[in-house]
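Notes follow the structure.
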There are 2 protein chains.
Amino acid sequence: MTTMTKYSKQREAIKEYLSQTKEHPTADTVYTNIRAILPNISLGTVYRNLNLLAEQGEILKINCQDGSVHFDGKLDRHYHFICNDCGKICDIEMESIDFINKIASANFGGKIDGHTVHFYGKCPECK
Amino acid sequence: MTTMTKYSKQREAIKEYLSQTKEHPTADTVYTNIRAILPNISLGTVYRNLNLLAEQGEILKINCQDGSVHFDGKLDRHYHFICNDCGKICDIEMESIDFINKIASANFGGKIDGHTVHFYGKCPECK
DNA sequence: TCAATAATAGTAATTATTATTATAAAGAAG
DNA sequence: CTTCTTTATAATAATAATTACTATTATTGA
């Protein structure tokens, strides 16, 4: 029996917050911001729901090069840039580069289903 | 005054171990394996040297999608594949795709210096 | 309205990693 | 070869991020 997901205002608030922000907050930043609306929410609830939403594909979990974890409520196809100076994550709107999967498949015995790519450098502000 | 790096057999053993293995071990796996040669090495020493070697560009630090951190002693240009089933990291020998930096630069205000890319799917064994 | 189940807050526990410190090893100078 | 200075080490403590636990509360379907 597959377990059933019930509504909760906490999860709804997290989803809403992520969908409206342009930032790519960490779990802790989500927690801080959600507490403005739901002062009694617990950090564990934030973590559980972020992971649940990410599993369900409703948000995106971003594992940065430096080991930090960020979340993204924007669902349309886009890429991420991380600034080497200020550490900020920016969106990059660009054409799909899914064709690199084909390039990688050429000399590889397994099956390539996808990839993750992050770009690095100086963001518009730090440049 | 820039601090000077002194030789240590611990660091040498870590470097040697990474250069000869085809695996992409975690810090803890490095620790376990090095203890076969140096039974008294401490985990802190392993972490410190892995980070030092990575900073100096003598080894590679790989931050996986799932948050785990692995190390690679292979220095020539190659790409990484992570199996969705068994979690193993494999090398992919393929032509450079550095040109994706140009594609990303097209509509971006900042400066793109590099990228990281990991491929996902089923490895040769799991397929 | 009621029963079943999932979600929560609060807290404790875990994991990975870094910091601290007294001792040991490395390298330079005499 | 001995001494001095500096870096590295082992062992341990501390930290940070995340997950697990548990009693209580909220949601949903009947």
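Naming: A, B, ... by sequence-line order, numbering from 1 per chain.
When each of B:Asp28 and A:Asn40 is assigned the nucleotide of DNA chain C bearing its nearest heavy atom, the one mapping closer to the 5' terminus is A:Asn40. Mapping B:Lys9 and A:Arg48 onto DNA chain C via the closest heavy atom, the residue that lands nearer the 5' end is A:Arg48.
One can place CG of A:Leu52 at 13 Å from P of D:dT19, the figure rounded to the nearest angstrom. Spacing between atom CG of B:Leu38 and atom P of D:dA8 amounts to 16 Å, rounded to whole angstrom units. Note: CD (A:Glu12) to P (D:dA26) measures 17 Å, nearest angstrom. Across the protein-nucleic acid pair, A:Leu43 atom CG and C:dA9 atom P stand 11 Å apart, rounded to whole Å. In this entry the distance linking CD1 of B:Ile34 with P of D:dA10 reads 11 Å, nearest Å. Per the geometry, CZ belonging to B:Arg11 stands 15 Å off C1' belonging to C:dA24, to the nearest Å. Between the C1' atom of D:dG29 and the OH atom of A:Tyr7 lies a distance of 18 Å, rounded to the nearest Å. Straight-line distance from the CG atom of B:Asn49 to the P atom of C:dT17: 15 Å, rounded to whole Å.
Taking both residues in full, the closest heavy atoms of A:Ser42 and A:Tyr31 are given as C-CE1, 3.8 Å, listed atom of the first, atom of the second, then distance.
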Problem set entry | Verdict with supporting geometry, B:Phe81 and A:Phe108, ring-ring contact (aromatic ring centres under 6.0 Å, His included) | CA-CA 10 Å; B:Phe81 170 91; A:Phe108 184 61; 4.5 Å; yes
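In this structure, a donor-acceptor pair under 3.5 Å is absent between the side chains of A:His118 and A:Asn63.
In this model, the phosphate group of D:dA11 is not approached by any side-chain N or O of B:Ser42 to a distance below 4.0 Å at OP1 or OP2. In terms of phosphate contacts, B:Gln10 brings no side-chain nitrogen or oxygen within less than 4.0 Å of OP1 or OP2 of C:dA25.
When distances run from any side-chain atom of A:Met4 to the nucleotides C:dT8, C:dA6, C:dT17, the shortest one goes to C:dA6. Among D:dT9, C:dA9, C:dT18, the nucleotide with an atom closest to any side-chain atom of B:Tyr47 is C:dT18. Among D:dT9, D:dT18, C:dT8, the nucleotide with an atom closest to any side-chain atom of A:Val69 is D:dT18. Comparing D:dA8, D:dT19, C:dT8 by their nearest atom to the side chain of A:Thr45 picks out C:dT8. For A:Thr5, whose side chain is taken as the heavy atoms from C-beta onward, the closest listed nucleotide among D:dA8, C:dT8, C:dA7 is C:dA7.
For D:dT7, the base has no donor-acceptor partner in the side chain of B:Lys6 [N/O atoms by modelled type, under 3.5 angstrom].
Other residues, nucleotides and ligands place more than 12 heavy atoms under 6.0 Å from the CD atom of A:Glu93. Within a 6.0 Å radius of CD in A:Glu23, other residues, nucleotides and ligands contribute 12 heavy atoms or fewer.
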